[in-house]
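Note that the coordinates shown come from a computational prediction; the quantities given were computed from them, not determined experimentally. As the structure lists them, so they are numbered: ligands from 1, and atoms in each ligand from 1.
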Amino acid sequence: MKQQLEAIRTSALEAIAATKSADELDALRVKYLGKKGELTSVLKMMGKLSAEERPIIGQVANEVRAKLEDAIEAQSAALAEAALAQKLRDEALDVTVPGTPVRVGHKHPMYVALDELKEIFVGMGFTVLDGPEVELAELNFDRLNAEEGHPSRDWSDTFYFDADSRVMLRSQTSPMQVRAMDTMDLPIRIIAPGRVFRKDEVDATHSPMFHQVEGMVIDKGVTMADLKGTLNLVMEQLYGKGTVTRFRPHHFPFTEPSCEMDVQCHKCGGAGCPTCKGEGWIEVLGAGMIHPKVLKMAGIDTEVYSGWAFGMGLERMAMRRFKISDLRLIFENDIRFLEQF
Ligand code: PHE
C-alpha cells in the first residue's frame with residue numbers, strides 16, 4: 001500500500017508539473033484528490049490494515065495528499081503568472097507608432113463666399129434670416145404681386161406638392177421679404193440666403209436646385225440711390241476698390257422700378273473675354289424698389305415707408321470669386337475639386 005501511495009505521488013507530481021492550463025490542472029485535482037480519485041480510493045482501503053500499519057500508512061497518505069495539494073497550488077500560481085505575462089505581451093501598445101492621420105475637411109467654396117457676403121452685410125447692420133424651402137404659393141407668388149396666370153407660376157417651371165398649387169418648393173428667396181415684413185418691426189434690414197428650386201435641366205450654368213441670397217431694406221425715405229450706393233459698396237468689398245458696376249432696367253412683379261446689376265468683368269476690364277462671354281459685363285443680381293402693392297399687402301404705410309430689395313445667385317457669386325467655370329462642380333462633391341480651395 002505504501003508503494004501504491006509512492007507511485008501515486010510520483011506520477012501525480014509529474015503530471016501536475018506538465019500542465020499547461022488551469023483546466024488541465026483542475027482535471028488532475030479531480031483525478032487524484034477528488035471523491036473518486038486515486039488517492040481517495042487507496043485511503044478507503046485503510047480499514048483493512050492492521051492496527052500497527054494504519055498510523056504509518058496514514059501518515060504517508062497525509063504526506064502525499066499535502067504534497068499534491070502544495071504542488072497543485074504552486075502550479076496554479078505559476079500558470080496564472082504565465083497567463084498574465086502572455087496577456088501583457090499580447091496587449092502591449094507601442095505608443096511611438098505613428099497614428100492613422102485624420103482627414104480634416106474644410107468649408108465648401110460656396111459657403112466661403114456666403115460667409116464673406118454675410119460679414120459685409122452684418123457689418124452694415126443687416127440681420128441674417130433663415131426660411132423654409134417648402135413654401136406657400138401665397139408667399140412665393142401672391143404676396144409678391146405675381147397673380148394667378150403669371151408665367152412664373154406655371155407647372156412647367158415650379159415644383160408643386162398638391163394639385164391646386166398651394167404648396168411648393170420655393171422658386172426664389174423673395175418670400176422671405178414677406179415673412180420679414182409680417183414678423184419684424186420696422187425699420188427692417190435683412191439678408192436671407194437659402195436653396196431655391198426650379199424645373200431646369202442641369203447644364204454648365206443651370207441646376208434645378210441652386211442658392212440665392214435675398215436682401216431687403218425698409219425704412220423711412222429709402223430711395224433707389226440707397227440701393228445703388230449699398231450694392232456698389234458691397235461689390236467693392238467683394239471685388240476690390242474701383243469695381244465698376246452698371247444698372248439695367250428690368251422687370252419683376254414685386255419691384256418698381258426694377259433693375260439688374262452688372263459688374264464689369266474683372267478678367268478683361270470690360271473688353272470682352274471668355275469669362276464674361278465677350279460681353280465685358282457679368283450679371284450679378286436682380287433688384288428694385290419694393291412695389292407699393294407688396295408693402296400694402298403687409299400692412300405697411302407707403303406714405304411713410306419705402307424699401308428696396310435684391311436677389312443674387314450664390315453659385316454664380318462663388319464661381320466668380322473662385323474662378324470656377326462650371327456650375328456642376330459646385331454640387332458634385334468631387335474631392336479632387338473641393339481640395340483646391
Ligand atoms: N427673386 C428674383 C429672382 O429670382 C430676384 C429679385 C429679388 C429681384 C429681389 C428683385 C428683388 O430672379
Side-chain angles (χ1 to χ4, degrees), residues 114 117 121 126-129 131-133 135-147 150-154 156-159 168-182 184 188-200 205-219 222-232 234-235 245-263 282-295 297-298 300 302 305-317 327:
L114 177 58
L117 208 61
F121 278 102
F126 284 63
T127 302
V128 182
L129 295 187
E133 290 166 12
E135 185 57 281
L136 296 170
E138 186 195 342
L139 271 68
N140 195 96
F141 294 128
D142 302 80
R143 293 282 306 272
L144 289 168
N145 196 33
E147 283 143 5
H150 192 274
S152 66
R153 302 185 72 136
D154 205 284
S156 60
D157 295 333
T158 303
F159 294 104
M168 57 181 286
L169 287 174
R170 66 177 174 191
S171 62
Q172 51 186 353
T173 44
S174 301
M176 288 307 291
Q177 292 183 32
V178 180
R179 287 180 177 273
M181 290 181 213
D182 286 353
M184 296 174 78
I188 296 173
R189 270 183 203 79
I190 56 113
I191 58 166
R195 288 193 185 93
V196 302
F197 306 84
R198 293 179 193 177
K199 285 188 180 168
D200 280 329
T205 51
H206 293 87
S207 158
M209 185 282 294
F210 58 100
H211 295 72
Q212 286 188 332
V213 181
E214 195 77 9
M216 182 177 76
V217 171
I218 304 176
D219 204 344
V222 170
T223 69
M224 192 86 181
D226 298 313
L227 182 162
K228 292 178 76 172
T230 308
L231 293 177
N232 277 337
V234 170
M235 295 307 149
T245 63
R246 75 174 180 192
F247 292 80
R248 283 177 289 105
H250 201 75
H251 172 78
F252 300 105
F254 42 90
T255 47
E256 183 58 37
S258 304
C259 60
E260 279 190 330
M261 182 187 193
D262 297 338
V263 172
I282 300 169
E283 179 202 320
V284 292
L285 54 83
M289 298 304 294
I290 301 170
H291 200 297
K293 270 191 178 175
V294 173
L295 292 171
M297 280 190 270
I300 293 170
T302 54
Y305 287 97
S306 56
W308 54 263
F310 71 85
M312 70 169 80
L314 187 53
E315 284 81 0
R316 290 215 195 156
M317 208 74 197
L327 175 72

*F254 contact mode with ligand 1 (heavy-atom cut-off under 4.0 Å)*: side chain
*Could you go through the ring-ring contact (aromatic ring centres under 6.0 Å, His included) check for F310 and F126 one step at a time?*
CA-CA 13 Å; F310 71 85; F126 284 63; 7.7 Å; no
_Point-to-point distance, once rounded to the nearest 0.5 Å, from CD1 of I218 to CD1 of I290_ = 4.0 Å
*For Q212, take its heavy atoms, then give the atoms of ligand 1 lying under 4.0 Å from any of them.*
3 (C), 4 (O)
*Give yes if a backbone or side-chain nitrogen or oxygen of Q172 is under 3.5 Å from a nitrogen or oxygen of ligand 1, and no if not.*
yes
*Got the closest protein heavy atom to atom 12 (O) of ligand 1, with its distance?*
F252 CE2, 3.7 Å
_Where ligand 1 meets F310 - atom numbers and elements under 4.0 angstrom, heavy-atom basis_ = 7 (C), 9 (C), 11 (C)
*Can you find an N/O atom of S174 closer than 3.5 Å to an N/O atom of ligand 1?*
yes
*Distance-only, no hydrogens or angles: does the E260 side chain make a donor-acceptor pair with backbone N or O of H250 under 3.5 Å?*
no
*asked:* I'd like to know whether ligand 1 has M312 as a neighbour, heavy-atom separation below 4.0 Å.
replied: no
*asked:* Could you walk me through whether E214 and Q177 satisfy the side-chain hydrogen bond (donor to acceptor under 3.5 Å, both in side chains) test, starting with their C-alpha distance in whole Å, then the side-chain angles of each, then the deciding distance to 0.1 Å, before giving a yes or no?
replied: CA-CA 8 Å; E214 195 77 9; Q177 292 183 32; 2.7 Å; yes
*If you measure from each non-hydrogen atom of R198 to ligand 1, which part falls under 4.0 Å: side chain, backbone, both or neither?*
side chain
*Can you list the atoms of ligand 1 that are under 4.0 Å from a heavy atom of G286?*
6 (C), 8 (C), 10 (C)
*For atom 7 (C) of ligand 1, which protein heavy atom lies nearest, and how many Å away is it?*
G311 N, 3.2 Å
*Any side-chain heavy atom of R248 within less than 4.5 Å of one from R246?*
yes
*asked:* If you count every heavy atom of other residues, nucleotides or ligands that lies below 6.0 Å from R153 atom CZ, does the total exceed 12?
replied: yes
*With heavy atoms of Q177 as the reference, note each atom of ligand 1 found under 4.0 Å away.*
9 (C)
_Side-chain donor or acceptor of T158 paired with backbone N/O of S152 under 3.5 Å_ = yes
_Proximity flag E214 to ligand 1, non-hydrogen atoms under 4.0 Å_ = yes
*Look at the side chain of S258 and the backbone N and O of F252, then say whether any donor-acceptor pair between them is shorter than 3.5 Å.*
yes
*Is it the side chain, the backbone, both or neither of S171 that has a heavy atom closer than 4.0 Å to ligand 1?*
neither
*asked:* Side chains of F254 and Q172, heavy atoms from C-beta outward: is any pair under 4.5 Å?
replied: yes
